[in-house]
Amino acid sequence: ILEPLRKIHAESPQHGPMLSQLRRELLAQFADLEQKLAAAEGRQGDAQLEQLAYQDAVSGLPNQVLGRRFLEQLLQRIRLEDGCLALVVMDVREMRDINRYLGRELGDAFLFGLAQHLRQQLGDLEVLTRGEDDEFWLILHSEQRGASGLKKLLSQTRATLVRLQESLQTPLPVQQQCIRARLRLGFVCGTGEDGWEELLERARVAGGAGSSEDEIGFWQPAEQLRLEDRRRLIPELRAALEREQFLLCYQPIVKLENLQIQGIECLLRWEHPQRGRLGPDAFLSAACQSGLMVPIGDWVMQQACRLGKE
């Protein structure tokens, strides 16, 4: 814009003062526009940072940081209003197998499709977030007070979970494949007297109590024994890793056509000092929740590879 003004000024010097004033006004408008653009870019940058901080990159859902914050705020609210909430932990079964055999890219696409499917099945007042590892967290709450509100919330939560299970009977399309999503469901109802960490741990224990994929685990006081057992197991597992109390058992993989050995399967066992030899069903759940699966897996790989070399 300024270049034509310079040309006019050169050809018609008598218009110099007017053109100089116009140039100053244009430059002032440009400066104001530049400031507004910078502010808009700053706001956009802040929004992008907030999205990175609070949105799960794989599923597109609010991440566990935002989920925990919402739980804390909701617990404070129902503490004042004498309400109640339900926390559901939905653990995706065979997620590790999907990542291992079909690839991480397809696994991420599967989680994204599952998250969108679950979101479509839920109402506006039911909050769905991504949890830890292969978990989704579902949060429902009731403003109705007392035992009647708790009973209504319990019934509502069960009905919601049954609806979700029925909707997942049909496999989900994922990158030209169809994968059926199987969820391990556990939930707990809580009041303002509970902390979010305790509720989360109880919901996980309730989910582990289900013996089949169609069973919905609900936390009850009797589950406290299983929770205390898990709490005892975690420090014992750390000690077992340090003291090398784990051992590997091997069994051959035989081809039935010619009865030739095709390979060897490696089975993990724990020689517990008091409880004797334990199978993985007795401790793997606690190992997963405590973050010990990676070092235990590393130990298994080292031992198996060392034996294979020998």
### Query
Can Arg68 and Glu72 be counted as an ion pair, charged N to O under 4.0 angstrom?
no
### Hphob cluster co-occupancy, Trp299 + Met301, side-chain heavy atoms under 4.5 angstrom
no
### Query
Roughly how far, to the nearest 0.5 Å, is the CZ atom of Arg93 from the CG atom of Asp134?
13.0 Å
### Rounded distance (nearest 0.5 Å) linking atom CZ of Arg306 with atom CG of Leu248
9.0 Å
### Query
If every non-hydrogen atom of Ala203 is compared with every non-hydrogen atom of Val89, which pair is closest and at what distance?
CB-CG2, 3.6 Å
### Task
Could you walk me through whether Val174 and Leu102 pass the side-chain contact (heavy atoms from CB on, under 4.5 Å) test, one step at a time?
CA-CA 11 Å; Val174 183; Leu102 299 180; over 6 Å; no
### Task
Decide, yes or no, whether a salt bridge links Arg77 with Glu81 under the criterion of side-chain N to carboxylate O below 4.0 Å.
yes
### Query
Hey, are the side chains of Val92 and Arg182 touching, using non-hydrogen atoms and a 4.5 Å cut-off?
no
## Note on the structure
Note: Cys266 and Val300 closest approach over all heavy atoms is SG-CG1, 4.1 Å
#### Entry: Minimum-distance pair of heavy atoms, taken over all atoms of Tyr250 and Gln303
OH-O, 4.2 Å
### Query
Got Leu61 and Thr129 here, is their nearest side-chain heavy-atom distance under 4.5 Å?
no
### Task
Could you go through the side-chain contact (heavy atoms from CB on, under 4.5 Å) check for Ile253 and Ile261 one step at a time?
CA-CA 6 Å; Ile253 300 175; Ile261 296 178; 6.0 Å; no
### Query
Is there a side-chain contact between Val88 and Trp137, using heavy atoms and a 4.5 Å cut-off?
no
### Query
Nearest 0.5 Å, what's the CG-CD1 distance between Leu114 and Ile179?
10.5 Å
### Message
Return the CG to CG distance between Leu292 and Asp298, rounded to the nearest 0.5 Å.
### Response
11.5 Å
### Task
Decide salt bridge (Lys or Arg N to Asp or Glu O under 4.0 Å) for Glu242 and Arg238; before the verdict, give the C-alpha distance in whole Å, the side-chain angles of both, and the deciding distance to 0.1 Å.
CA-CA 6 Å; Glu242 295 173 359; Arg238 292 195 176 95; over 6 Å; no
### Task
Please report the shortest heavy-atom distance between Ala109 and Gln175, naming the atom on each side.
CB-NE2, 3.7 Å
### Message
Looking at every heavy atom in both Gly107 and Asn99, which two are closest together, and how far apart are they?
### Response
CA-OD1, 3.3 Å
### Query
Side-chain contact, heavy-atom cut-off 4.5 Å: Leu161 with Leu138?
yes
### Task
Report yes if some heavy atom in the side chain of Leu111 is under 4.5 Å from a heavy atom in the side chain of Phe136; otherwise report no.
yes
### Message
With a sphere of 6.0 Å drawn around CZ of Arg104, does it hold more than 12 non-hydrogen atoms of other residues, nucleotides or ligands?
### Response
no
### Query
Do Leu153 and Thr157 have side-chain heavy atoms sitting under 4.5 Å apart?
yes
### Query
Shared ILVMFWY cluster between Phe112 and Leu122, side chains joined below 4.5 angstrom?
no
### Task
Return yes if some donor-acceptor pair links the side-chain N/O of Glu271 with the main-chain N/O of Glu244 below 3.5 Å, else return no.
no
### Query
Roughly how far apart are Ser142 OG and Ile78 CD1, rounded to 0.5 Å?
9.5 Å
### Task
Return yes when atom CZ of Arg243 has more than 12 non-hydrogen atoms of other residues, nucleotides or ligands closer than 6.0 Å, and no otherwise.
no
### Task
Give a yes or no answer on whether the side chain of Asp97 reaches the backbone of Arg100 with a donor-acceptor pair at less than 3.5 Å.
no
#### Entry: CA sep, side-chain torsions, deciding dist, call: Glu126, Thr160, side chain to side chain donor-acceptor pair (under 3.5 Å)
CA-CA 10 Å; Glu126 297 164 331; Thr160 299; 3.2 Å; yes
### Query
Taking it one step at a time, do Gln76 and Arg79 satisfy side chain to side chain donor-acceptor pair (under 3.5 Å)?
CA-CA 5 Å; Gln76 293 176 358; Arg79 190 176 296 121; 6.0 Å; no
### Task
Consider only side-chain heavy atoms of I, L, V, M, F, W and Y, link residues closer than 4.5 Å, and tell whether Leu183 and Leu128 are in one cluster.
yes
### Task
Verify the cluster assignment for Leu247 and Leu267: are they in a single hydrophobic cluster under the rule of side-chain heavy atoms below 4.5 Å apart?
no
### Task
Compare all side-chain heavy atoms of Gln156 with those of Leu140 and state whether any distance is below 4.5 angstrom.
yes
### Query
Transitively linked via ILVMFWY side-chain contacts under 4.5 Å: Ile234 with Leu268?
no
### Within 6.0 Å of CD in Glu105, more than 12 heavy atoms from elsewhere
no
### Message
I'd like to know if the side chain of Gln121 and the backbone of Leu164 have a donor-acceptor N/O pair within less than 3.5 Å.
### Response
no
### Task
For Leu80, look at atom CG and say whether over 12 heavy atoms of other residues, nucleotides or ligands are found less than 6.0 Å away.
yes
### Nearest-0.5 Å distance that lies between atom CG in Leu85 and atom SG in Cys189
8.0 Å
### Message
With a 4.0 Å cut-off on N to O distance, would you call Glu135 and Arg204 a salt bridge?
### Response
yes
### Query
Under 3.5 Å, is there a donor-acceptor pair between the His272 and Glu236 side chains?
yes
### Query
Could you go step by step and tell me if His141 and Cys84 meet the side-chain contact (heavy atoms from CB on, under 4.5 Å) rule?
CA-CA 6 Å; His141 75 281; Cys84 55; over 6 Å; no
### Message
Please evaluate residues Leu199 and Leu75 with respect to the criterion side-chain contact (heavy atoms from CB on, under 4.5 Å), reporting the C-alpha separation (whole Å), side-chain torsions for both, the decisive distance (0.1 Å), and the verdict.
### Response
CA-CA 11 Å; Leu199 291 176; Leu75 285 169; 4.0 Å; yes
### Query
Is Gln177 close to Phe110 at the side-chain level, that is, under 4.5 Å between some pair of heavy atoms?
no
### Message
Does Arg180 form a side chain to side chain donor-acceptor pair (under 3.5 Å) with Gln169? I'd like the steps, not just the answer.
### Response
CA-CA 7 Å; Arg180 185 185 172 195; Gln169 294 300 311; 3.1 Å; yes
### Message
Show the nearest heavy-atom pair for residues Leu172 and Ala181, with the distance to one decimal.
### Response
CD1-CB, 4.3 Å
### Task
Could you check Gln251 against Glu265 for side chain to side chain donor-acceptor pair (under 3.5 Å), going step by step and ending with a plain yes or no?
CA-CA 5 Å; Gln251 65 182 18; Glu265 185 177 9; 2.9 Å; yes
### Task
Look at the side chain of Arg119 and the backbone N and O of Gly123, then say whether any donor-acceptor pair between them is shorter than 3.5 Å.
yes
### Message
A cation-pi test, strictly: NZ or CZ of Arg269 under 6.0 Å from the centre of the six-membered ring of Phe246 and no more than 45 degrees from its axis. Yes or no?
### Response
no
### Query
Does a sphere of radius 6.0 Å around CD in Glu310 hold more than 12 heavy atoms from other residues, nucleotides or ligands, not counting ones at 6.0 Å or beyond?
yes
### Task
Can you label the angle between the Trp270 ring and the Phe283 ring as parallel, tilted or perpendicular, going by 30° and 60°?
perpendicular
